[in-house]
Amino acid sequence: MIIAKTLAEFTEAYGKLEHKSDVGFVPTMGALHEGHISLVERSVGKCSHTIVSIFVNPTQFNNKQDLATYPRTLEADCELLEKSGVDIVFAPRVIDIYPEEDTRVFDMGGLDNYGEGPRRPGHFNGVVQVVTRLFDIVKPAFAFFGEKDFQQVAIIKYFVQKLGYPLQIVPCDIIREDDGLAKSSRNTLLTAAQREAAPHIYRTICKAKELRKSMTPQETIAELTKQIDANSELETEYIEIIDADSLTPIKNWSDSENVRLWCAVYARPVRLIDNIGL
Ligand code: PAF
């Protein structure tokens, strides 16, 4: 496995790959956990070569403290990736990805109107900036993304089609801890009490499957919010019940055949997101 820490090192390593038309790509911001490794395993199983990027992308952080405290564990990450059969780890410097300021502003076609979009202004624009830049460099045939970031996957799929990238996005299931908490690099930032409380989020949102039999989507959201907030470690920022294709909230269950619930909950200052199909 080659660890390329600059664009020049990456270009040299990439040049030596035998099957450049069959590259699987897993973009990450590091602090890898089993969720990431499951994406890597999908890629290694499907593609001749697997490239993983580790880059904490400054343009997608709308909160400076979140960027400053984002866990950085390159050495441990590389050990995990080596065991998983990765060909190249691309861990570039900011200057390699943004030799000059990226001023591109993307129209998301309304996919950022709800969920994380209004709560993290500029976040998805930064994600599209970095992902398109990485796609241009890595030129993958397949790119693997976890569905924990459900809205991110939808937005990236949209731009792959809109900008005509010759690659396929492979969405991968959320990987959870045994107690149901969605795996996330941010989980390492939780205090012991918060970590104990956090599985309450998934346990509670799963109740929507039952509640929908007797409640409207709005009533369901109100009930779930009340139940999550009853735990003193947790504070719901939002719960939305949406059509999973248009990513817009539904008023009646019959408004969509592909219903998804997504949420963000604070275990302050950590912000946890999750989603389930209903
Ligand atoms: O999901 C992430 O970790 C990031 O948003 C991504 C896709 C690696 C872009 O920085």
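Treat the numbers as computed from the prediction; the structure is a model and nothing was measured. Atoms within a ligand are numbered from 1 in the order they appear, just like the ligands themselves. Just so it is clear, the values below take in all heavy atoms, side chains as well, and ignore hydrogens, waters and symmetry mates.
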Between ligand 1 and the protein, give all atom pairs where both partners are nitrogen or oxygen and the distance is under 3.5 Å, as lines of names plus distance to 0.1 Å.
from, atom 1, to, atom 2, distance (Å)
ligand 1, 1 (O), Q152, NE2, 2.8
ligand 1, 5 (O), Q60, NE2, 2.9
ligand 1, 5 (O), Q152, OE1, 2.7
ligand 1, 10 (O), Q60, OE1, 2.6

### Query
Under 3.5 Å, is there a donor-acceptor pair linking the side chains of N57 and Y98?
yes

### Message
Can you tell whether the side chains of R93 and D96 come within less than 4.0 Å, N to carboxylate O?
### Response
yes

Exercise answer: donor-acceptor pairs, residues 83-90 side-chain atoms, under 3.5 Å, sequence neighbours excluded:
from, atom 1, to, atom 2, distance (Å)
S84, OG, L80, O, 2.8
D87, OD1, T50, N, 2.9
D87, OD2, H49, ND1, 3.2

### Query
Quick check: are there more than 12 heavy atoms from other residues, nucleotides or ligands sitting under 6.0 Å from CD of E34?
no

#### Entry: Distance-only polar pair, side chains of T59 and Q129, donor-acceptor under 3.5 Å
yes

### Message
So which atom in I250 and which in S256 form the shortest heavy-atom distance, rounded to 0.1 Å?
### Response
CG2-CB, 3.9 Å

